[in-house]
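Within every chain, numbering begins at 1; the chains are lettered A, B, ... in the order of the sequence lines, protein sequences first and strands thereafter. Please read these numbers as outputs of a predicted model, since none were measured by experiment.
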Number of protein chains: 2
Amino acid sequence: MSETNEIKVAVDAIVFGYQQNTLYVLLVKQKFGQMKGTWVLPGGFVLKEESLKEAVTRELQEEAGIKVNYLEQLYTFGDDVHRDPRFRVISVAYFALVNPNNFALVHQNDTDAEEAQWFAIDRIPKLGYDHNEIIKVAHQRLKNKLAYQPIGFDLLADEFPFSDLESLYTVILEQDIDRRNFRKKILSLGIVEETNTLSASTGSGRPARLFKFNKDQYNQLLDEGFHFEIKFA
Amino acid sequence: MSETNEIKVAVDAIVFGYQQNTLYVLLVKQKFGQMKGTWVLPGGFVLKEESLKEAVTRELQEEAGIKVNYLEQLYTFGDDVHRDPRFRVISVAYFALVNPNNFALVHQNDTDAEEAQWFAIDRIPKLGYDHNEIIKVAHQRLKNKLAYQPIGFDLLADEFPFSDLESLYTVILEQDIDRRNFRKKILSLGIVEETNTLSASTGSGRPARLFKFNKDQYNQLLDEGFHFEIKFA
DNA sequence: TCAAAAGTGTTCTCTTTACACCCATGG
DNA sequence: CCATGGGTGTAAAGAGAACACTTTTGA
């Protein structure tokens, strides 16, 4: 029973960002040890007096200078006893989303990682440990959640054209959707509202009206037993 | 960083069983320590050379002599630094289901727990640690999963009358359902098949035809993109 | 005036809901 | 023959899917 002392507890974060029809994941370059130079998920060991959640937010701040706007526990990886070649480590992985406001990375020098960088989901290099596997699990979770929780909005700016929301769904779910039916469906839920703003011109095409997610309204509907769900043909 | 050595890793299992319109949870009486005599979830510390999953199945065997027929990771509880008053412990909780075949408890004497016992979900006593909270989370997961995964069958005998399946749904979801529509819906999924057996008489009423879940068929449909879902009015 | 993206309604199909009476058995 | 639980169909309403042309802007 005392052997449990020899198991180390780590946290890792899979942070998703979305920009220009591309889904990105945040990675950091390992600064120390035999894995120096390898790209891995941001994360690290949990301190004795901090909660798991605190450990993740601390590591994200230290390693990438980033604050996320959605965070939930994903899964705890601890079945492969040798997933870390040095020690027995179990890792509690967290699923996180940032919107473009928080996208920028602060490069502090006093960090665990030499660099932090965004990688397109289909351009992830071979990572250290089992982190490629962890990203797969997180990607699947993202796909699933998109259908029954309004987390798409956490990946967009506060005000966005409808087409951004639509292409976010097509890109992440890798599936075409009908523009008219999608718009009708989303608007019928009553959690997205029109603003008076039009998008700045992008050089071609008609400017789009901007919309925003009404979180208060969503929470109120939740209390009333409302059930968010988006499905496609 | 070395402080992580002082965090202990435990697993706990929430095992659900269903009998006679009642949902049960398996609890064990703590045998040692200052919590001696308190009811808690089966579980214990993870050994250095075993996977998390192995740890759960080992503990369930040792403490209750039970084998489950569904097991999945639920959540890792580690945000309250003092959830165990003795040490910093994080617990990876597992969600498990048994069917009536595996319901019986073997009372070995060489176990961690003095006793193992089934408690109706609405008759759970005050438990040690944060285990009442953990059960709430597991109960919610059970309710959610029932709607989009055919796990109800893991709580029933291999062959069951339709009314058992139906009352399982009403009991766990705490919601009435229309008998005719429910039967139509389930049968239309094509994963439940009729047997030739009729239930033994229970003293009154017409004997029921028994059905069984066709797991192979379900898995095949899954591969074809099938999506299980049961909703109610 | 052309290219590019935004905006918009209707019809058809399928799924979900609501609802009530007869059947088989044991006592 | 009565009490108990098992078994079944239909119609109405709602949700999802399919589908194409007009509008606004910049170049």
Any side-chain N or O of Arg183(B) under 4.0 Å from OP1/OP2 of dG7(D)? yes
Considering every strand and a 4.0 Å limit on heavy-atom distances, what is the contact class for Lys184(B): base, sugar-phosphate, or nothing?
base
Quick note, Pro207(A) side chain, CB onward, closest among dT24(D), dC23(C), dA18(D) is dT24(D)
dT25(D), OP1 or OP2 - any side-chain N/O from Ser204(A) closer than 4.0 Å? no
TODO: Would you indicate whether Lys212(A), at its atom NZ, is surrounded by more than 12 heavy atoms from other residues, nucleotides or ligands within a distance under 6.0 Å?
DONE: no
Between CD of Glu229(A) and P of dT15(C) the distance, given in whole Å, is 15 Å
Looking across every strand, which nucleic acid part, if any, lies under 4.0 Å from Ser163(B) by heavy atom: base, sugar-phosphate, or nothing? sugar-phosphate
task: Report which part of the nucleic acid Arg179(A) touches: base, sugar-phosphate, or nothing (heavy-atom distance under 4.0 Å, all strands).
output: base
Phe182(B) atom CZ is separated from dA18(C) atom P, nearest whole Å, by 16 Å
Here the distance between atom P of dT24(D) and atom CZ of Phe162(A), to the nearest Å, is 20 Å
Separation of dT10(D) atom P from Asp178(B) atom CG, nearest Å, is 16 Å
Where does the angle between the aromatic ring planes of Phe226(A) and Phe228(A) fall among parallel (under 30°), tilted (30 to 60°) and perpendicular (over 60°)? perpendicular
Rounded to whole Å, the CG-P distance (Asn181(A) to dA15(D)) equals 14 Å
Classify the ring geometry between Phe153(B) and Phe160(B) as parallel (under 30°), tilted (30 to 60°) or perpendicular (over 60°).
tilted
From CG of Leu187(A) across to C1' of dG7(C) the rounded distance in Å is 11 Å
Per atom distances to the Arg206(B) side chain, the nearest of dA6(C), dG5(D), dC19(C) is dG5(D)
Q) Would a distance-only check, ignoring hydrogens and angles, find a side-chain to backbone donor-acceptor pair under 3.5 Å from Tyr169(B) to Asp164(B)? A) no
His227(A) NE2 to dT16(C) C1', in whole Å, measures 15 Å
Notebook entry, point to check: Donor-acceptor pair under 3.5 Å: do we get one between Arg180(B)'s side chain and the base of dA20(C)?
Noted result: yes
No-hydrogen, no-angle side-chain donor-acceptor test under 3.5 Å, Tyr70(B) and Glu72(B) | yes
By nearest-nucleotide position on DNA chain D, the 5'-leaning member of Gly203(A) and Lys185(A) is Lys185(A)
Taking dG7(C), dG9(C), dG7(D) as options, the one with an atom nearest any side-chain atom of Ala208(A) is dG7(C)
5'-most contact on DNA chain C (nearest-nucleotide basis), Lys231(B) vs Gly205(B), goes to Lys231(B)
Subject >> OP1 or OP2 of dG6(D) under 4.0 Å from side-chain N/O of Arg209(B) >> reply: no
Rounded to whole Å, the CG-C1' distance (Leu210(B) to dG7(D)) equals 14 Å
